[in-house]
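These figures come from a predicted structure and were not determined experimentally. Throughout, a chain's letter reflects where its sequence line sits, starting with A, and its residues are numbered from 1.
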Amino acid sequence: MSKEKIVLLDGNSLAYRAFFALPLLTNDSGIHTNAIYGFTMMLQNILNEEKPTHMLVAWDAGKTTFRHSTFGEYKGGRQKTPPELSEQFPYMRKLLDAFQITQYELDQYEADDIIGTLSKAGDAKGVEVVVISGDKDLTQLASEHTTVCITRKGITDLEVYTPAHVMEKYGITPIQIIDMKGLMGDASDNIPGVPGVGEKTALKLLKEYGSVEKVYESLDLISGKKLKENLTLNEDQAFMSKKLATIEVEAPVTITIDDLQYKGPDEETVKSLYEELKFKTLLEKMSSADEVDVPVEKIDVRIEQDTESLHLADAMAFHIEMYDENYLASDITGISMTDGESIIYIPIEQVKQSAKLKEWFGNTNTKKYTTDSKAAYAALMRYGIEVNNFDFDLLLATYIASPSSSYTDVASVAKEFGYSAIESDETIYGKGAKKKLPEERILADHAGRKAQAVWKLKPIMEKKLRENEQFELYHELEMPLAKILGKMESTGVKTDLGILQQIGLELSTRLAELESIIYEMAGQTFNINSPKQLGEILFEKIGLTPIKKTKTGYSTAADVLEKLESEHEIISFILTYRQLGKLNSTYIEGLSKEIHSDGKIHTRFQQALTQTGRLSSINPNLQNIPIRLEEGRKIRAAFVPSEPGWIMYAADYSQIELRVLAHMSQDEKMIAAFRDDEDIHTKTAMDVFGVDKDSVSSDMRRTAKAVNFGIVYGISDYGLSQSLNITRKEAQKFIDTYLATFPGVKQYMEDIVADAKLKGYVVTMMNRRRYLPEITSSNFNLRSFAERTAMNTPIQGTAADIIKKAMIDMDARLKAEKMEAKMLLQVHDELIFEAPEHEIAMLNKIVPEVMEAALELDVPLKVESAYGLSWYETK
DNA sequence: CGTGTCACG
DNA sequence: ACGTACGTGACACGG
């Protein structure tokens with residue numbers, strides 16, 4: 001056991017320091033976080049640097065202390081604690097709890113006194129003590145065993161005061177600091193001292209006489225008439241000031257040094273708190289920094305050169321090691337495998353030549369456990385290896401068990417579930433420009449550890465999933481889907497570069513025209529794409545009325561500009577410029593770059609990312625190709641079948657979220673509307689406005705549609721007012737009428753929020769969970785957001801469950817029918833296929849059939865489909 | 001690398 | 001009173 005080291009922190013002082021050192025940061029939930037953030041930084045720094053065995057954070061107790069009975073105006077005239085800081089204290093305390101650091105406060109005493117008392121106790125035991133504060137007064141505690149660190153500028157820079165340093169800096173001993181304060185006073189604590197005596201005079205007097213008492217004993221010897229007069233007149237005040245500045249070292253503290261043992265943070269709780277506070281950098285640091293400290297146990301990985309004599313078990317964990325995260329493009333460096341006993345690593349050269357390995361992966365009887373089965377499937381596919389019978393996927397298991405934890409690499413997941421021997425990929429490969437391939441031995445060990453982690457984590461994760469009744473969701477929905485998505489990604493979508501370029505040419509011409517018109521109207525050239533410059537032109541030079549502000553200046557968002565259209569003719573040109581610029585940069589230029597040598601775009605679907613169970617699409621995103629405006633919609637003409645004589649086929653669920661809501665809420669009227677196959681928005685308008693079908697105006701239908709959307713999103717009067725451009729009062733009236741019309745929906749919304757408060761999470765029909773810890777928060781914003789999420793997630797998530805199920809069924813059906821048609825894309829409520837023309841009739845039959853039967857609800861699911869020679873024509 | 005904006009469901 | 005509709009990803013800008 002190493003020597004004891006006690007760190008004592010002055011909580012209030014450091015919190016103030018952090019608060020004023022950092023700008024007033026607000027996280028996106030609306031709470032101020034600058035002091036919490038700074039405090040956390042300090043804390044982590046201290047823990048890293050000092051490595052204490054014992055630790056305490058002392059807080060000031062209430063308003064009055066024993067010092068006030070000595071001097072009523074003690075700390076008088078001090079600014080009240082700003083409310084922006086006050087609101088942050090509870091979080092700092094929570095954070096300390098999560099770090100499992102002892103906190104202490106004592107009625108009538110300040111943090112100083114607690115620290116003084118405990119540091120003296122430590123001194124007496126001969127233990128090393130480190131005191132940390134932003135208040136220089138504490139330097140009086142410096143001694144042989146006690147060092148005092150005072151924050152310098154910024155938040156992590158500390159000045160270390162040992163008795164030697166105090167002597168060097170002031171020429172006095174630490175204990176004389178008290179005398180110094182007695183003579184010169186302290187403006188910040190409202191300690192008066194002796195008028196006319198500042199730091200220089202005080203130090204001079206102390207160097208000569210030693211203490212306040214000695215100074216007064218030797219008054220006659222002091223030179224300087226004015227000084228002598230001041231000292232004489234303020235004798236009582238000098239002694240009182242000294243008393244006030246003296247830190248109590250015998251305060252009646254009820255804890256002892258043994259109570260301060262520090263055993264390290266509770267990582268889970270710290271992490272969830274960081275997540276709550278949106279401390280992204282600290283979150284990332286947490287996983288990488290901690291791993292350095294983990295003693296990495298030896299691992300015995302055999303690098304296989306001869307794979308034909310290899311023995312491969314019937315169930316094995318494996319990991320495909322790749323240099324780049326994009327498994328659709330990056331080369332495999334090697335494969336690690338384990339059967340729970342030995343661990344092997346097969347370099348890619350051996351993998352390529354091994355018939356045995358290929359047989360094992362393809363074998364439908366051997367079970368495969370891995371970190372990311374979709375990546376493994378797609379990557380091995382490129383090497384001509386087909387994988388069958390995945391039986392464990394760490395990425396998906398983690399996602400289902402805890403969707404909020406963002407999965408960066410195997411190391412972080414493994415760590416979270418108690419297996420911490422893996423280094424982060426960043427540690428192994430380096431990052432940024434320094435990223436490079438390490439030598440084979442290091443790579444083999446690293447990959448080997450991952451396979452080992454998969455093996456060890458399988459039973460733990462499966463148990464957890466079974467406990468939560470999520471095993472089926474994971475094993476029968478997400479796992480089979482992973483492979484299907486892998487196929488879709490590998491297949492890719494054929495993209496006609498010529499069409500993109502042609503549209504691009506037209507866009508460029510029009511953009512140039514718009515640009516010169518805008519410059520002329522503005523009377524100068526400027527960067528239209530810069531919100532800052534655009535704001536200055538519109539609201540300062542031209543003098544339009546600013547409607548909304550952002551953190552950094554004027555808002556120039558489309559909804560703002562639209563309100564200004566009547567004020568100046570430049571606005572409509574800017575709006576068009578923005579719209580076309582977006583098409584050009586994101587879709588024409590962006591997509592062109594993504595076309596591979598096979599003439600196709602291969603997006604990747606993220607299956608373990610969204611909080612609701614939806615997929616997302618990246619590199620590029622094919623789930624947000626324009627459709628609403630005709631000019632953008634034309635982009636879809638570039639997405640074409642990969643073979644001559646084939647067609648594109650698209651099928652989408654009609655109103656799937658509202659149908660899910662009808663089912664889940666069991667609202668009679670809504671169920672009836674869908675059963676009768678009515679236009680739901682028109683029906684809503686009829687009921688809400690109390691008119692018959694023929695009297696529903698297009699405006700009424702539009703309003704009803706917006707309210708329906710609002711209901712799905714977790715309605716708020718403000719949100720609806722924004723979308724309809726009406727007042728909040730009017731919006732609230734619509735909501736009230738709506739909920740009175742659909743009492744089942746009202747009941748459901750109330751129940752789901754109440755249930756979420758009780759359980760801490762909400763579930764979809766297939767038992768997908770979303771945890772909502774903030775639903776009980778006292779912060780209005782956080783709580784309201786969680787409440788809306790509670791209403792929205794079961795709906796959006798169930799819709800996601802349904803289409804995932806449809807994709808699995810669809811894949812099986814295409815196979816059963818021996819069709820050539822290929823599923824290419826999923827866009828939340830629609831599926832896009834390509835197929836030979838002669839399969840159209842069959843697709844028209846089976847696609848709607850399968851999609852509509854994916855899950856049985858109390859309302860029918862309805863699918864609409866279309867086909868054509870490009871994605872554009874599937875309308 | 002954070003912010004603003006805008007594309008989709 | 002509080003100040004937002006739910007879920008995503010990509011691009012340009014500017015410190």
Side-chain angles (χ1 to χ4, degrees), chain A residues 25-26 28-31 87 278 280-281 403 432 527-535 548-561 574-575 578-591 593-594 603-606 609-629 631-633 635-636 652-653 655-657 706-724 728 731 735 770 778-797 799-800 803 825-830:
Chain A
L25 309 165
T26 312
D28 45 17
S29 343
I31 46 171
E87 69 184 34
K278 311 268 159 34
K280 278 193 202 149
T281 40
N527 188 341
I528 309 169
N529 283 322
S530 161
K532 186 166 169 272
Q533 294 184 33
L534 180 62
K548 210 164 55 175
K549 276 196 163 177
T550 66
K551 277 181 209 161
T552 51
Y554 310 106
S555 170
T556 64
D559 62 326
V560 171
L561 296 186
I574 289 170
L575 284 167
R578 275 253 182 90
Q579 187 203 325
L580 300 184
K582 176 83 180 176
L583 292 178
N584 203 36
S585 63
T586 304
Y587 297 103
I588 302 299
E589 289 169 7
L591 288 177
K593 274 187 279 188
E594 301 284 351
T603 185
R604 271 148 60 221
F605 291 104
Q606 306 238 87
L609 184 140
T610 70
Q611 299 303 299
T612 54
R614 276 189 175 182
L615 301 176
S616 90
S617 157
I618 55 165
N619 289 146
N621 181 354
L622 292 187
Q623 290 182 320
N624 71 345
I625 304 300
I627 189 166
R628 291 172 191 167
L629 298 169
E631 271 155 322
R633 191 174 202 159
I635 307 272
R636 295 185 170 221
D652 72 290
Y653 282 110
Q655 309 295 354
I656 188 166
E657 291 186 342
V707 178
N708 276 330
F709 267 96
I711 291 293
V712 169
Y713 291 156
I715 195 105
S716 77
D717 54 359
Y718 188 85
L720 184 64
S721 74
Q722 288 297 298
S723 105
L724 283 174
R728 264 170 51 183
I735 295 168
R770 180 168 187 178
S778 57
N779 178 309
F780 177 86
N781 280 337
L782 293 177
R783 189 179 63 248
S784 303
F785 183 68
E787 287 171 355
R788 292 196 297 272
T789 312
M791 299 185 237
N792 170 266
T793 297
I795 301 170
Q796 192 183 116
I803 196 165
L825 297 172
Q826 186 251 47
V827 192
H828 311 307
D829 66 354
E830 67 173 322

Which of B:dC6, C:dA5, C:dC6 is nearest the side chain of A:Leu720? It is C:dA5
So do the side chains of A:Arg578 and A:Leu534 get within less than 4.5 Å of each other, counting heavy atoms only? yes
Do the side chain of A:Gln796 and the base of C:dC6 come within less than 3.5 angstrom through a donor-acceptor pair of N or O atoms? yes
Assign a letter to each nucleotide of nucleotides 8-15 of chain C from its 5' end: B, base within under 4.0 Å of a protein heavy atom; S, sugar-phosphate only; -, no contact. SBBSSSS-
What are the two closest heavy atoms between A:Ser721 and A:Ala731, and how far apart are they? N-CB, 3.7 Å
Please round to the nearest 0.5 Å and tell me the distance separating atom CD1 of A:Ile803 and atom CD1 of A:Ile656. 6.5 Å
From A:Arg728 CZ over to A:Ile735 CD1, what is the distance, rounded to the nearest 0.5 angstrom? 10.5 Å
Whole-Å distance separating the CE atom of A:Met791 from the C1' atom of C:dC6: 11 Å
How long is the line joining CG of A:Leu825 and C1' of B:dC8, in whole Å? 13 Å
Taking only Watson-Crick and G-U wobble pairs with both distances under 3.5 Å, what dot-bracket line describes DNA chain C, where [ ] shows pairs that cross earlier ones and | shows pairs with another strand? .....|||||||||.
For A:Gly714, which contact category applies under a 4.0 Å heavy-atom criterion: base, sugar-phosphate, or nothing? nothing
A:Ile528 CD1 to B:dC6 P: how many Å, rounded? 14 Å
Under 4.0 Å from OP1 or OP2 of B:dG4: is there any side-chain N or O of A:Thr550 that close? yes
Ignoring hydrogens and angles, answer whether the base of C:dG3 and the side-chain atoms of A:Arg728 contain a donor-acceptor pair closer than 3.5 Å. yes
In whole angstrom, what separates A:Lys549's NZ from B:dG4's P? 13 Å
Euclidean distance for P, C:dA5 against B:dT3 (whole angstrom): 16 Å
Hey, what do you get for NE2 (A:His828) to CZ (A:Arg614), rounding to the nearest 0.5 Å? 5.0 Å
Send over the distance from A:Ile795 CD1 to C:dA5 C1', rounded to a whole Å. 13 Å
What residues, two or more places apart in sequence or in another chain, satisfy side chain to side chain contact (heavy atoms under 4.5 Å, CB included) together with A:Ser784? A:Phe780, A:Arg788
Nearest of C:dC6, C:dA5, B:dT5 to any side-chain atom of A:Ser555? B:dT5
Rounded to the Å, how far apart are A:Asp559 CG and B:dC6 P? 8 Å
Which whole-number value in Å describes the distance from A:Gln722 CD to C:dC6 P? 12 Å
P spacing across the pair B:dG4 / C:dT4, given as an integer number of angstrom: 12 Å
Can you tell me how far CD1 of A:Ile618 sits from CD of A:Gln623, rounded to the nearest 0.5 angstrom? 11.0 Å
Once you apply a heavy-atom cut-off of 4.0 Å, does A:Ala558 come out as touching a base, just sugar-phosphate, or nothing? sugar-phosphate
Using a 4.0 Å heavy-atom cut-off across all strands, classify A:Arg628 as base, sugar-phosphate, or nothing. base
What is the distance, rounded to the nearest whole Å, between atom CD1 of A:Ile803 and atom C1' of B:dG9? 10 Å
Ignoring the backbone of A:Phe780, work out which of B:dT3, C:dC2, B:dG9 is nearest its side chain. C:dC2
Minimum-distance pair of heavy atoms, taken over all atoms of A:Ala557 and A:Ser555: N-OG, 3.3 Å
Under 4.0 Å, heavy atoms only, any strand: does A:Thr793 hit a base, just the sugar-phosphate, or nothing? nothing
Within the structure shown, what part of the strands sits under 4.0 Å from A:Ala790 by heavy-atom distance: base, sugar-phosphate, or nothing? nothing
If we only count heavy atoms from C-beta on, is the A:Tyr713 to A:Leu720 side-chain gap below 4.5 Å? no
Polar pair under 3.5 Å, donor/acceptor by atom type, side chain A:Arg788, base C:dT4: yes
Enter the distance from A:Ile627:CD1 to A:Asn624:CG here, rounded to the nearest 0.5 Å. 12.0 Å
Looking at every strand, decide which applies to A:Val712 at a 4.0 Å heavy-atom threshold: base, sugar-phosphate, or nothing. nothing
For the atom pair OG1 (A:Thr556) and CD1 (A:Ile528), what is the distance rounded to the nearest 0.5 Å? 11.5 Å
